[in-house]
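Only one structure is covered here, and it is reproduced in the block below.
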Number of protein chains: 2
Amino acid sequence: MSKVIIDDVAARAGVSIKTVSRVMNNEPNVSERTRDRVLAAARELNYRPSLSARGLAGSRSYLIGLLYDNPSPAYLAEIQAGLLEACEASHYSLALHPCRHEDPGMPAAVSAALAQARLDGLIITPPVCNVPALMAAVEERGVPYAVISDEAGPSGFAVTIDESAAMRDLTEHVIGLGHTRIGFIAGHPDHKGAARRRDGFETAMRTHGLGIDPAMVVQGYFDFESGRHGARELLSRSNPPTSIIAANDDMAAGALQVAHDKGLHIPTDLVIVGFDDSPLSRQVWPPLTTVRQPVADMAREAAARVIARLTGAAEPDNPADLAFPHELRLRQSSLGDT
Amino acid sequence: MSKVIIDDVAARAGVSIKTVSRVMNNEPNVSERTRDRVLAAARELNYRPSLSARGLAGSRSYLIGLLYDNPSPAYLAEIQAGLLEACEASHYSLALHPCRHEDPGMPAAVSAALAQARLDGLIITPPVCNVPALMAAVEERGVPYAVISDEAGPSGFAVTIDESAAMRDLTEHVIGLGHTRIGFIAGHPDHKGAARRRDGFETAMRTHGLGIDPAMVVQGYFDFESGRHGARELLSRSNPPTSIIAANDDMAAGALQVAHDKGLHIPTDLVIVGFDDSPLSRQVWPPLTTVRQPVADMAREAAARVIARLTGAAEPDNPADLAFPHELRLRQSSLGDT
DNA sequence: CTGAAAGCGCTAACAT
DNA sequence: ATGTTAGCGCTTTCAG
């Protein structure tokens, strides 16, 4: 029961190993009856083709790599969950490849790892997918890939939400509350998404005739601590904001903590909103108004597309990059008690 | 540059492929000079042995599997980070295997996956490692493994902290603050660690002559929502607690939110403490007193031991299960402003 | 200390 | 629609 190989299945089904191979790979040119017999034999023997052998003989490794750099745990977990759903459905495995996006040697290292592990496909998350040298290396290798971003190279897919529009919606919600003095804690400068979100904020402000006060925009890095810093800066201005928009939830939570420390009541004294609808946004007090981004769905789709390319499945009708819908989540940090 | 194989290296170094193989695997019986030449050739050619070929020829796949069931994202991320450190150091890859611990078919499915992917080793986290049928299946397959728990089967390693002692320390901290009416939100009943933590709580209470009031202990499931439920229950008692100990941080954060909703001031009106020192414990307000568990270190050690078994490295001096130190993290949820 | 030969379990070309 | 024959790139015998 421990080491069933293709010959065993072939023998039991009374066919050649090639036929078994055909059946296991869903290739055409196998009669219905034969296919059924092979499948039955495989099931009875509990046969699973060896990945190593497949990888060596074919060119496929049945491995999809995930390239990431120190994302928030919640984001990482959601990405992985989505990818795994798609992978499992197609009998692919997921291999993790953390890396450091600022490391100049990273693209070369990734390229080498690609060659060694013979990864069939790659999923790349920000900010790694915003490193031109890396993307060039990936393109050069010719590996099918998808980025969780709004822009892929010629041979890749991109899945994303319209981050600019999402931040515009969020900002307009705050403006709709009557705020005119709105602080903004920007995201990590290496993330393209951070720039998009900032654009959205500025567009909304301008559209509503509010203008951008440079003193109301501070640099953050998507982490909790930078949210604390940013909020402290904003709140120490001579004319402090009445609301703070953070480019993600972690920073918004940091701002929230600072506000509490200062004895400010949320949302009465200060409105704080975040972005991502992370678990944290629901777990702080008061819960944060934020924008939901269907990360798991996006990841699943990214993996599904890469796998579709691999298996030569028909390309989806819409081969263009895919934009997912976002959704405002209004909570007490902007609305008060309900 | 894209497809360097062992023959290329052998040719360049002027040796046979077997010698190259020896060098790449750190086998003995290669002269210093030959080894150097081979290494030089490999480096110049940027040679990476193919994992598939290695897996097929040898018995090793250079893949370590991580078996887990829906843990908190923070825990998962920390576990993965620790495992990856150890894996990378030894050129192993990590394959993710989420599963559902209550699924009766899970052990069989895992066993099949083990056979197919030829995983060399396994790391198993709670509550999966608390499923006897799964552990039996793993033992039967004879795969080296480690559990993040306090008890492994005959062929496995266990890495853990002394959860009972840790919870005892935490409870004693609260008792030391002068509390006598202490509520406890227990962890998931399927986690052995949850039982240990509960033991620690009860031991501390008894040791200090406080006894266990059944009305002060409620069942939780390690998730935020169950922390909210538990806290609501406890605080609705006719004689509510003056402090709440939750078996993990997520539940403590839930309790915190409920307390805030009720207008209670923390820690003046109610002390709340958690367990795990998760990022969340630092990101809520006020920050939670908790117990640090060096999860990443534990995971790294778990993977390192499994890999050591695989590579036939000398077993560490202390082959027994490994207990890591825990550490109290005192924060404002029990101490007030400093 | 080193090398030659024989597979590992599968898929890719060709048969048939 | 099915079978036969070669390898894939490496490690494992077993010889030197």
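A/N25 places no side-chain N or O within donor-acceptor distance of the main-chain N or O of A/R22, the cut-off being under 3.5 Å. The backbone N or O of A/L67 lies less than 3.5 Å from a partner atom in the side chain of A/T125, making a donor-acceptor pair. Without hydrogens or angle criteria, B/D103 side chain to B/G105 main chain gives a donor-acceptor distance under 3.5 Å. Here the side chain of B/S50 pairs a donor or acceptor atom with the backbone of B/S52 at under 3.5 angstrom. A/R309 contributes a side-chain N or O that, together with a main-chain N or O of A/S155, makes up a donor-acceptor pair within less than 3.5 Å.
Considering only the side chain of B/R54, D/dT11 comes nearest among D/dT4, D/dG9, D/dT11. Closest to the side chain of B/A57, from the set D/dC8, D/dG3, D/dT11, is D/dT11. Nearest nucleotide to the side chain of B/V15, out of C/dG3, D/dG3, D/dG9: C/dG3. When distances run from any side-chain atom of B/E27 to the nucleotides D/dA1, D/dT12, D/dT11, the shortest one goes to D/dT12.
Considering only side-chain N and O atoms, B/T34 lies under 4.0 angstrom from the phosphate OP1 or OP2 of C/dT2. The phosphate of D/dC10 has OP1 or OP2 within less than 4.0 Å of a side-chain N or O from B/Y47. Taking only side-chain nitrogens and oxygens, B/S50 never comes nearer than 4.0 Å to OP1 or OP2 of D/dG9. Side-chain nitrogen and oxygen atoms of B/T19 include at least one within less than 4.0 Å of the OP1 or OP2 phosphate oxygen of C/dG3. At C/dT2, one or more side-chain N or O atoms of B/S31 fall inside 4.0 Å of OP1 or OP2 (strictly under the cut-off).
As a whole-Å value, the separation of B/I17 CD1 from C/dG7 P is 15 Å. Distance B/L51 CG to D/dG9 P: 13 Å, rounded to the nearest Å. As rounded to whole Å, 14 Å separates atom C1' of D/dT4 from atom CD1 of A/I6. B/R37 has its CZ atom 15 Å from the P atom of C/dC1, to the nearest Å. If you measure from atom CE of A/M24 to atom P of C/dA12, you get 14 Å, rounded to the nearest angstrom. Nucleotide D/dT13 holds its C1' atom 15 Å from the CG atom of B/N25, rounded to whole Å. The separation between B/E32 atom CD and C/dC1 atom C1' is 13 Å, rounded to whole Å. Whole-Å rounding puts the A/I5 CD1 to C/dG7 P distance at 13 Å.
Taking the C1' atoms of five terminal pairs at each end of the helix from C/dC1-D/dG16 to C/dT16-D/dA1, the two resulting helix axes are inclined by 30°, rounded to 10°.
Between B/R22 and B/R48, the residue whose closest nucleotide on DNA chain D is further toward the 5' end is B/R48. Mapped onto DNA chain C by nearest heavy atom, B/L56 and B/N29 fall at different nucleotides, with B/N29 at the one closer to the 5' end.
Judged by distance alone with a 3.5 Å cut-off, a donor-acceptor contact links the side chain of A/K18 to the base of C/dA12.
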Apply side-chain hydrogen bond (donor to acceptor under 3.5 Å, both in side chains) to B/N130 and B/H191, showing your working.
CA-CA 7 Å; B/N130 299 324; B/H191 286 240; 5.1 Å; no

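Contact check for A/C99 versus A/V128: side-chain heavy atoms found under the 4.5 Å cut-off.
Judged as a side chain to side chain donor-acceptor pair (under 3.5 Å), and not counting sequence neighbours, B/H188 has no contacts.
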